[in-house]
Amino acid sequence: MSGSADTLARLPVTSLSGVGPALAEKLAKLGIRTVQQLLFHLPSRYLDRTRVQPIGALQPGISAVIEAEVRAADVVYGRRRSLVCRVQDNTGTLTLRFFHFTGAQKQRLTRGARLRCFAEARRGASGLEMVHPEYELLADGDNKPLAQSLTPHYPTTDGLTQPRLRSLTQQALAMLERYQLEELLPERVRKTLDQIPLAEALCLLHTPPKGVDLQQLAEGIHPFQQRLAFEELLAHQLSMLQFRQGIRSQKALPLHPAPELQQEFLTQLPFNLTGAQARVSTDIQNDLARAEPMLRLVQGDVGSGKTVVAALAALTAVAANKQAAIMAPTEILAEQHRVNFSAWLAPLGIHVGWLSGKLGQKARREQVADIASGRAQVVVGTHALFQEEVAFADLALAIIDEQHRFGVHQRLALGEKGARGECTPHQLIMTATPIPRTLAMSAYADLDCSVIDELPPGRTPVTTAVISDQRREQIIERVRAACGEGRQAYWVCTLIEESESLEAQAAEATADNLKEQLRELRIGLVHGRLKAAEKEAVMSAFKAGELDLLVATTVIEVGVDVPNASLMIIENPERLGLSQLHQLRGRVGRGREASHCVLLYGTPLSRNSKARLKVMRESSDGFYIAEQDLELRGPGEVLGTRQTGQMEFRVADLQRDGHLLDAVREAGELIINRDPARASAIVERWLGGRERYLGA
Ligand code: ADP
Ligand code: MG
C-alpha cells in the first residue's frame with residue numbers, strides 16, 4: 001500500500017499516537033509540525049547502550065549504562081531542593097541527582113532497590129554523579145536485554161525527553177512502509193550520489209543497525225549521511241538563491257555618484273584612501289547606481305578602514321536626498337560610529353540621527369520623529385533601529401557593520417524598513433571576520449563580495465608573545481612600565497562559561513587584583529553587566545586618556561578604536577577562537593607606537609591550543625588566521641553561535657563536506673532556473689519548520 005507521495009509532508013504530528021496538543025507544542029518548538037519534519041529531525045550523536053559499564057570505569061563527560069543498588073536516598077534542601085541517591089555496584093559508588101521528582105519516584109528509589117541507569121557521568125561535589133539519569137528498576141534476577149543498536153540522541157527542548165522523541169521517531173519510521181517519501185533530487189543529480197533511497201538513509205541514521213561502520217558514522221562520512229548532507233546543503237543553497245532572487249526582482253532607487261560632495265568629504269579627512277578602500281568604494285558606487293538593490297558584503301581585516309567606506313556610501317544616498325542607516329552590534333561601536341559620522345558629516349551640513357537602546361523617552365521620541373520626517377539624513381544606531389515604531393521617511397541604503405555579530409539574515413529586517421514604498425533599500429554588510437572561502441560560498445551565497453585587502457600605511461605590526469601565566473608578575477611589571485611612559489593598555493579576561501555574570505565577576509576580581517598591585521595606575525573596568533551609560537563613561541574615559549589600563553571582558557572585541565593603546569594582555573587566550581583573538585588584538589597597533597600583545601595562557605596547554613596560539617604569534621593576516629581556525633576548530637565555532645540561525649545543519653558539516661559544495665552549487669543553479677517548484681519543495685523539507693530569517 002502506498003499513499004500519495006507528499007502525504008508525510010502534510011500529515012501533522014498529532015496523527016501519531018500519544019501526541020496531544022501539549023506535546024505538539026513542544027515539537028513545534030523544534031520546528032516539527034509534520035511527520036516528515038520529525039523524520040528529518042536527525043540525531044546529533046549516538047550513545048552506546050549496548051553494554052553495562054562498571055561504576056569504577058566511568059569517565060566524566062561520557063554517557064554510559066550502569067546497574068547498581070540504591071544505598072541511600074535523601075531529599076536535600078540546598079539552593080534547590082533535590083533528591084540525591086547514592087548507588088553502588090561492586091566497583092564503586094555514584095550519586096544520582098534529581099531536581100524534579102515526584103513522590104512516587106522518591107518512594108521507589110529506596111535503599112536496596114536495583115536500578116539500571118543511563119546518563120552522562122559528571123564530576124560532582126562528592127565524586128562522579130549523574131543528573132536526571134534515565135533509569136528503570138530491575139526486579140531480582142531480572143535480566144532485561146540491552147540495546148541492539150546505537151541509541152540516537154536528538155536535539156531537544158525543555159520537557160521533551162530523549163525516550164519520548166525516540167519512540168515518536170520509531171512510529172514515524174514505521175509509516176515509511178505505507179507512505180513514500182518523495183525523492184526531490186533530479187535524476188541526474190541523484191546519479192552522482194549512489195542512488196541511495198532517501199527513506200533508507202533516514203532509517204539507518206535514526207536506528208543504526210548492528211554491523212554499521214561506527215567510526216564512519218561518528219565522523220559523518222557514511223555514504224547515507226553524505227546522501228542527506230548533499231540534499232541539506234542544497235536546501236540551504238537554494239534558500240539563499242531564492243532570497244537573492246526575491247531581492248533582485250525588487251526595484252531599488254538608483255543612487256548616482258555625487259563627485260562634488262565626495263570630494264568635499266575626502267578633502268577634510270586627515271588621510272588619503274588606500275587603494276583597496278578606493279576600489280571597494282567603486283564597487284559600491286556601481287551597485288548603487290543600478291535599479292536593483294545592492295547586496296554587497298565588504299570584508300576587511302581589523303583596522304582596514306571600513307568605516308570611511310561606509311560613510312562614502314552613505315553620502316551617495318544623502319546626495320540623492322534619501323536616507324542611509326548604519327547599524328552596529330553594540331552600544332560601544334554604535335557610539336563610536338556616531339562620533340565619527342557626526343565629525344565627518346556635520347561639516348558638510350548633513351544631519352546625523354542617533355538611536356540606541358539607552359536613549360531616554362524624550363530623546364528617543366525626538367530621534368524617531370527626525371527619522372520619520374527625513375530630517376535625520378544619516379541614522380546611526382544599534383538594533384534599536386529594528387524596532388517597529390521606527391519608520392524611515394525614505395531609506396535608500398542600509399549598512400550593517402560587523403555582520404557576524406548578527407544572525408545571517410537579520411539584516412533583512414532592516415532592509416524591510418524601507419520597503420514600504422515600491423523601492424527596496426540597497427544593503428551593504430561589513431565584516432571584519434574574514435570568511436574562509438568554503439564558508440563564504442555557503443553562508444553568503446546570496447551576497448556579492450568585496451575585500452579591503454590592504455591596511456592604511458604607517459601601521460606598525462603588533463608583536464605577539466605567548467607566555468605562561470606563571471610569569472604573570474613579570475607581565476604586570478610590563479604594564480606598569482608601558483603606562484609609566486604614557487601609553488595605555490588593555491587587560492582582557494576570558495571565561496569558558498557562557499555566563500555574562502560569571503564573566504563579569506571574574507573581570508571584577510582581576511581588576512581589583514591589578515588595582516592592588518598597580519596602585520599608581522588609573523584602572524577602569526568594562527564588562528557586559530554594566531549599564532550602557534556606565535560602559536560608555538569608562539570607554540570614553542579610556543579614549544580620552546583619563547585611564548591608563550582598561551580591564552575588560554571580550555565586550556571590547558569589535559571595532560573599538562583607541563590609537564594610544566599599544567599593549568594588550570589577553571588572559572587564557574586558549575579559550576577563544578583565533579578569529580576572535582585576532583579581533584581583540586586588532587584593538588592595538590592603531591597608532592604610531594610599536595604595539596605588543598601578550599597571550600597569557602593557563603597551563604597545561606593542550607597540543608591543539610599550542611598550535612593555535614602559535615598561529616597567532618606568527619601571523620597577523622586575518623584570512624590566514626581564519627583558515628587555520630577553521631581547520632583547527634570547525635565552522636560552527638568560527639562563524640559564532642549567533643550565526644547558526646542558518647548555519648545549523650542536521651547532517652552536513654561545511655568543513656567535512658566541503659568537497660560536495662561545487663556539486664551542490666551546480667545542482668542549485670540547475671534547479672532554481674529549471675524547476676522553481678522543486679526548489680521550494682527541497683527548501684521546505686529541510687528548512688521549512690524553522691524561522692528562516694531572523695526578524696527583530
Ligand atoms: P575597521 O575596518 O576595523 O572598521 P576603522 O574604520 O575603524 O577600521 O579604521 C581604523 C582606523 O584607521 C581609524 O582610526 C581610521 O580613521 C583610520 N583610517 C581609515 N582609513 C585610513 C587611511 N586610508 N589612512 C589612514 N588611516 C585610516
Ligand atoms: Mg569597524
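Both counts, for ligands and for their atoms, begin at 1 and track the order of listing.
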Electrostatic pair Arg364-Glu389, nearest N-O below 4.0 angstrom: yes

Atoms of ligand 1 close to Thr274 [distance to a heavy atom under 4.0 angstrom, numbered from 1]: 23 (N)

Any side-chain donor near an acceptor of the partner, Asn340 and Thr307, under 3.5 Å: no

Gly303 to ligand 1, any heavy atom closer than 4.0 Å: yes

Exercise: do Trp491 and Glu571 side chains pair donor with acceptor under 3.5 Å: yes

Mutual orientation of the aromatic rings belonging to His337 and Phe341 [parallel < 30°, tilted 30-60°, perpendicular > 60°]: perpendicular

Within-4.5 Å side-chain heavy-atom neighbours: Leu525 and Glu508: yes

Within reach of ligand 1, part of Leu273 (heavy-atom separation under 4.0 Å): backbone

Thr307: numbered ligand 1 atoms lying under 4.0 Å from its heavy atoms: 4 (O), 5 (P), 6 (O), 7 (O)

Contact atoms of ligand 1, heavy-atom distance to Arg590 under 4.0 Å: 3 (O), 7 (O), 10 (C)

Met430, portion touching ligand 1 at heavy-atom distance under 4.0 Å: neither

Nitrogen or oxygen atoms of Gln336 and ligand 1 under 3.5 Å apart: no

Under-4.0 Å heavy-atom contact with ligand 1, by part of Asn272 that carries it: backbone

Sub-4.5 Å side-chain heavy-atom contact between His426 and Asp287: no

Element-labelled atoms of ligand 1 that are located less than 4.0 Å from some non-hydrogen atom of Gly305: 1 (P), 2 (O), 5 (P), 6 (O), 8 (O), 9 (O), 19 (C)

Winner among Lys306, Glu454, Arg587 once heavy atoms are compared against atom 1 (P) of ligand 1: Lys306

Short side-chain donor-acceptor distance under 3.5 Å, Ser356 and Glu335: no

